[in-house]
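Just so you know, ligand 1 is whichever comes first in the structure, and atom 1 is the first atom listed for that ligand.
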Amino acid sequence: MQLSKKRIQWLGYWQHLSFSKIWNLIQLYLSFQVSRLLQRPIMWGRPATLSIEPTTSCNLRCPECPSGLRSFTRPTGMIAIGLFEKIIQENHQHLHYLHLYFQGEPFLHPHFTKLIEIAHTYGVYTATSTNAHYLTQANVAKTLQSGLRQLIVSVDGITQEIYENYRVGGKLAKVEEGIRRLIQTRNERNLRYPYVILQFLVTGVNEHQIPALQEWCENLEVDELQLKSTQIYNYEDGSPLIPTNLEYSRYIPDGKGKWKLKKQPENKCWRMWQGSVITWDGRVVPCCFDKDASHVFGSVKENSLASIWRNAPYQAFRGQLLADRTQIEICSNCTE
Ligand code: SF4
């Protein structure tokens, strides 16, 4: 039977669910709602989603990214296979989504597909994000064997000039070649996964390419195109990165010559009740906006994630979110 692309994506997800994962998710959601009601952090479940950082290394020099700028104040490196396996072993029973990505280009980890295989063996749904510069024949073969369910490719321009405006040092021809190679090989082998999503961050620089983008994706047989709005750090005075079509913008004019967030943040964040982010060296941080690990709740090298998940610093962070999230710098410019 021929399944639609969207159904294939959902099937991959549902196949990795179990009663304990669903029950855990219900507990998390109830804790979140009760915490909002009582205005204090309650936590009954365990992390349902994780982002684990394979490496901080990157081949590109994107101007808004600490990997690209080589500007981390935290240590940089690659996750050890033993540490990764420990995290999966301890958490697989309630984990329903694992994103093997935080900062850096994951395919630069020499054993990246081995990491996916480990998670897949434990029955965890796996996804990753890449700039697609390393989809060589050998990496494509290993990726298809690994059990990876979702591959998100970041492309923010469909001509070399626009692409390299943000992806400094990147080669669009190489990206196209890699995506085509992966999808063609997958289809020739009658495999369903990985489901390939092309993610396009819309900015004032590339928005004019949106009409041609759909055809570009169809030509590559990409499974899904996602247009995403871009986070801009200093948006108050405007920026050339803010699209003129405000449908794709997180910011709008405030009527007094400045810019403001389109959606004013509320004192809540489901992400903080749903999952964690773990750096390559095992530090647990709140979410992917904490790129330099300014809020470390503990280390999975020393403690289990289950104990860190409910410890005092984690709960204090959740409590501050409920009380006034503008007091946390990373949360004040976040539309979550
Ligand atoms: S930055 Fe704050 S509000 Fe945004 S996802 Fe992270 S914890 Fe939640």
### Query
Can you list the steps and then say if Asp237 with Lys258 is a salt bridge (charged side-chain N to carboxylate O under 4.0 Å, His left out)?
CA-CA 5 Å; Asp237 292 321; Lys258 296 275 185 189; 2.4 Å; yes
### Query
Ser332: what forms a side chain to side chain donor-acceptor pair (under 3.5 Å) with it, not counting sequence neighbours?
none
### Query
Would Arg186 and Asp223 satisfy salt bridge (charged side-chain N to carboxylate O under 4.0 Å, His left out), going step by step from the backbone distance to the final call?
CA-CA 12 Å; Arg186 181 196 69 182; Asp223 299 311; 2.7 Å; yes
### Query
Close to atom 2 (Fe) of ligand 1, meaning under 2.8 Å, how many protein N, O or S atoms are there?
1
### Tyr13 and Trp10 aromatic ring geometry - parallel, tilted or perpendicular at 30°/60° bounds
perpendicular
### Task
Could you grab the distance from atom CD of Gln214 to atom CG of Asn219, nearest 0.5 Å is fine?
12.0 Å
#### Entry: Geometric cation-pi criterion, Arg192 with Tyr195: 6.0 Å, 45°
no
